[in-house]
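Take a look at the structure set out below.
Counting starts at 1 for both ligands and their atoms, in listed order. Throughout, residue positions are numbered sequentially from 1 according to the sequence presented.
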Amino acid sequence: MGNSSYRIPGPCLTILLTLVCTGTARAKVPALIVFGDSTVDTGNNNFRPTLLKSNFPPYGRDFEGGRATGRFCNGRLPPDFVSESFGLKPTVPAYLDPAYNITDFATGVTFASAGSGYDNATAMASNVIPLWKEVEMYKDYQGKLRAHFGEEKAKEIISNSLYMLSLGTNDFMLNFYVFPYRRTQFTVKQYEVFIIAAAEKFIRQLYSLGARKLSVSALPPMGCLPFERFLNINGRHDCVTLYNKVAMEFNVKMHNLMVKLNKKLTGIKILESSIYDVLYQMITKPSSFGFEVVDRACCATGTFEVSYLCNPYSPLTCSDASKFVFWDSFHPTEKTNKIMSDHIIPQLKSRFA
Ligand SMILES: *[C@@H]1O[C@H](CO)[C@@H](O)[C@H](O)[C@H]1NC(C)=O
Ligand SMILES: *[C@@H]1O[C@H](CO)[C@@H](O)[C@H](O)[C@H]1NC(C)=O
């Protein structure tokens, strides 16, 4: 057989290589559209009358320009890393931020609000944006897309974008285990079922609004948040086993829901972005990731401070956040966010890019 039979004409090869190598990610995922809590809120709470804020130093001290943006972190959050990996903006703007307009939001936007959850009562406790309101904001966004880009382009953005959902921890850690309201109605297992039902309703609503590509996060090992360890006096400030067990139980239920919805909703593709294991590894084997401190956070004493209690006046705030898994008593450092993102990005890209 002659070599010539294997020849691929030049232009064809070029097209082939363009498709294979540079990836069609840009065309395939025009925007990252985000819903959830502080893990993915890049500044919406700045514009809310709530105590859950982080738009002051030392928050953002390792962000571009050392700016406090309203991210509960010293730097960037997972949606920022995910957006960048899809060839989109390196930072995802908050929908309520007047510095941005629909042109910016057309390639990425977050409706998330720190403190929010699947349960309306969770957002109510901190006067933050409840999930149903995040959906209302998303509907408003769709209207602006149509008005600015026309029906066809708007539809293309809506159906091809990647929807990132990250919430649930606050339902348990800032609602169920803190306030008696839900505990008088539900056992924790019943509450898990209640939250799963709310998650199903929410995902079905996004689907009916046109969303097709979804990344849904499961719960982290929430018993290992520095704040929970701080309160675990009887357990020598170890991780709270019960809360980790609840997270794992919940994640199994969430997995079953995703399997069901992937079957039932025609054309939907949901990827579970599970970060439980990778975060648990960072917490139990910190040195293999280059971390030195896991049981307390960088900011202030690192035990209970979050939001206004994590402020520029504490002399105890660490100088190098990259040695810490946690930035404040509830939230990971940028380095932890990067490691978790690097864990989920290849799965997202192989599924959606
Ligand atoms: C959005 O803002 C940019 C400048 O930041 C401007 O060029 C553009 O026209 C604005 N778009 C709309 C729809 O207002
Ligand atoms: C939250 O409140 C909205 C608006 O009142 C309601 O439509 C929705 O069913 C509620 N969701 C849950 C989970 O209670």
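Salt-bridge annotation for Glu84 and Lys89: absent, with no side-chain N of the basic residue lying under 4.0 Å from a carboxylate O of the acidic one. For Lys139 and Glu136, the salt-bridge test passes: some basic side-chain N is under 4.0 Å from an acidic carboxylate O.
For atom 4 (C) of ligand 1, the protein comes within 4.0 Å by no heavy atom at all. Note that atom 14 (O) of ligand 1 has protein non-hydrogen atoms nearby, at separations under 4.0 angstrom.
Ring planes of Tyr141 and Tyr95: perpendicular class, angle over 60° (limits at 30 and 60°). Using a 30° and 60° split on the angle between ring planes, Phe304 and Phe230 fall in the tilted class, from 30° to 60°.
Scanning the protein heavy atoms around atom 10 (C) of ligand 2, the nearest turns out to be Asn120 ND2, 2.5 Å. Protein heavy atom at the shortest distance from atom 2 (O) of ligand 1 is Asn101 ND2, 2.3 Å. Taking atom 7 (O) of ligand 2 as the reference point, the nearest protein heavy-atom neighbour is Lys201 NZ, 4.0 Å.
Heavy-atom contacts of His148 reach the following atoms of ligand 1: 13 (C) (cutoff under 4.0 Å).
Centroid-to-centroid, the aromatic rings of Phe172 and Tyr191 come within less than 6.0 Å.
Taking any N or O of Thr103, backbone or side chain, at least one lies under 3.5 Å from an N or O belonging to ligand 1.
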Problem set entry | Candidate pair Gln347 and Ser273, rule side chain to side chain contact (heavy atoms under 4.5 Å, CB included), full reasoning | CA-CA 8 Å; Gln347 302 166 42; Ser273 292; 5.9 Å; no

